[in-house]
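Report on one structure; see the data block that follows.
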Amino acid sequence: MADFRTHIQVATVAGGLLAGALVWAQQLTLAEGVLLWLAGTLGGILPDIDADSSRSIRIVFRLFGVLAALLALLYGRERLALTDTLVLGAVAYGLVRYPLCWVFARFTVHRGSLHSLLANGVFALVTVVIGHRLFGLPPELAWETGVFVFVGAFIHLLLDELYSIDLEGRRIKKSFGTALKLIEWRAPLANLLLLCLLAGGWWLAPGSSGLLARLLPLSQFW
């Protein structure tokens, strides 16, 4: 499998090129392009949140912790005193960074259900829902952010598969086929949970009628 540095470098370059193309085509502002670039980079390490001791899981949950803290601060700004708001933000970060991270490390299996296209779809839709409903992103931008997360996560799976092929030794490693898969067939309960999350995300997500028109300029680069 590819290492952390390879995953984040490739996702960063690919996300930057795609976002830059949309900015160049005047479909995005520079700020929106930076947002999508960051979303693609984050997607590039998301499938490794089930890796027990990797740098990926620590970085991902730090980012999730910061996101949780920001949401707590936004909530507290309108309802709580400044000191209470700061405490709420710190607690939100700590709960996500440590207990939730421990739960993922304890109860998930690397290259299991979270290492699949189904999980990538869940990552993308959760991003869409959070972006639109919690941060007030316009529907098109929220969907674009989700698409970039999916693309970054797909690149992660693809890299893991490519690294399972030993070109010099002309052999295929045992890990081949464990990364880029539709679902984890040996985990029906986990798949059912992911399907429920996918359905819930689709129900909560805004309409996507303008998405194709916004992404159409990318077709000229394919």
Side-chain angles (χ1 to χ4, degrees), residues 8 11-47 49 56 59-80 85-86 88-89 92-93 95-97 100 114 117-156 194-219 221:
I8 198 167
T12 298
V13 171
L17 289 174
L18 292 175
L22 288 172
V23 172
W24 176 83
Q26 298 182 345
Q27 295 298 307
L28 298 174
T29 65
L30 181 59
E32 291 172 341
V34 171
L35 173 63
L36 297 190
W37 176 38
L38 293 175
T41 302
L42 176 61
I45 57 176
L46 273 178
I49 62 175
S56 299
I59 290 177
V60 168
F61 276 93
R62 283 171 187 161
L63 293 174
F64 285 167
V66 170
L67 176 60
L70 288 174
L71 293 176
L73 292 175
L74 290 173
Y75 174 85
R77 184 180 63 177
E78 303 294 334
R79 299 170 176 85
L80 303 173
T85 300
L86 294 176
L88 181 63
Y93 176 85
L95 288 175
V96 172
R97 173 60 185 89
L100 187 59
L114 295 180
L117 294 176
L118 174 59
N120 287 5
V122 172
F123 296 149
L125 277 174
V126 168
T127 301
V128 173
V129 172
I130 290 176
H132 178 64
R133 295 192 175 271
L134 296 182
F135 288 101
L137 296 182
E140 293 83 3
L141 183 58
W143 274 103
E144 287 164 348
T145 306
V147 168
F148 269 68
V149 167
F150 184 92
V151 170
F154 177 81
I155 289 173
H156 180 112
L194 289 174
L195 285 171
C196 290
L197 290 173
L198 192 71
W202 186 263
W203 182 67
L204 291 171
S208 58
S209 58
L211 179 64
L212 290 179
R214 292 257 289 185
L215 295 179
L216 188 61
L218 289 179
S219 63
F221 296 96

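How far CG of Leu42 is from CZ of Phe123: 9.5 Å, rounded to the nearest 0.5 Å. Distance CG/Leu137 to CD/Glu144: 10.0 Å, rounded to 0.5 Å. With values rounded to the nearest 0.5 angstrom, Leu17 atom CG is found 10.5 Å from Trp37 atom CH2. To the nearest 0.5 Å, atom CG of residue Leu100 and atom CG of residue Leu95 are 9.0 Å apart. The distance from the CZ atom of Arg79 to the CG atom of Leu74 is 10.0 Å, given to the nearest 0.5 Å. Going from atom CD1 of Ile8 over to atom CD1 of Ile155 covers 12.5 Å, rounded to the nearest 0.5 Å.
In plain terms, the two heavy atoms of Gly207 and Pro139 that are nearest each other are O-CB, 3.6 Å. Of all the heavy atoms in Asn120 and Pro47, the pair that sits closest is OD1-CG, 4.3 Å. Here the closest non-hydrogen pair linking Ala11 and Gly44 is CB-CA, 3.6 Å. Nearest approach of Leu46 to Phe64, heavy atoms of both residues: CD2-CZ, 3.6 Å. Closest heavy-atom contact between Ala205 and Leu125: CB-CD2, 4.3 Å. The shortest heavy-atom contact between Val122 and Leu198 is N-CD1, 3.8 Å.
The only option from Leu30, Leu141, Leu28, Thr29 that meets the side-chain contact (heavy atoms from CB on, under 4.5 Å) definition with Leu35 turns out to be Leu141.
Here the side chain of Trp143 pairs no donor or acceptor atom with the backbone of Val128 at under 3.5 angstrom.
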> For Leu67 and Leu63, what are the C-alpha separation, side-chain angles and deciding distance, and is it a side chain to side chain contact (heavy atoms under 4.5 Å, CB included)?
Replying inline: CA-CA 6 Å; Leu67 176 60; Leu63 293 174; over 6 Å; no
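Relative orientation of the Phe154 and Phe150 rings is parallel, given thresholds of 30° and 60° on the angle between their planes.
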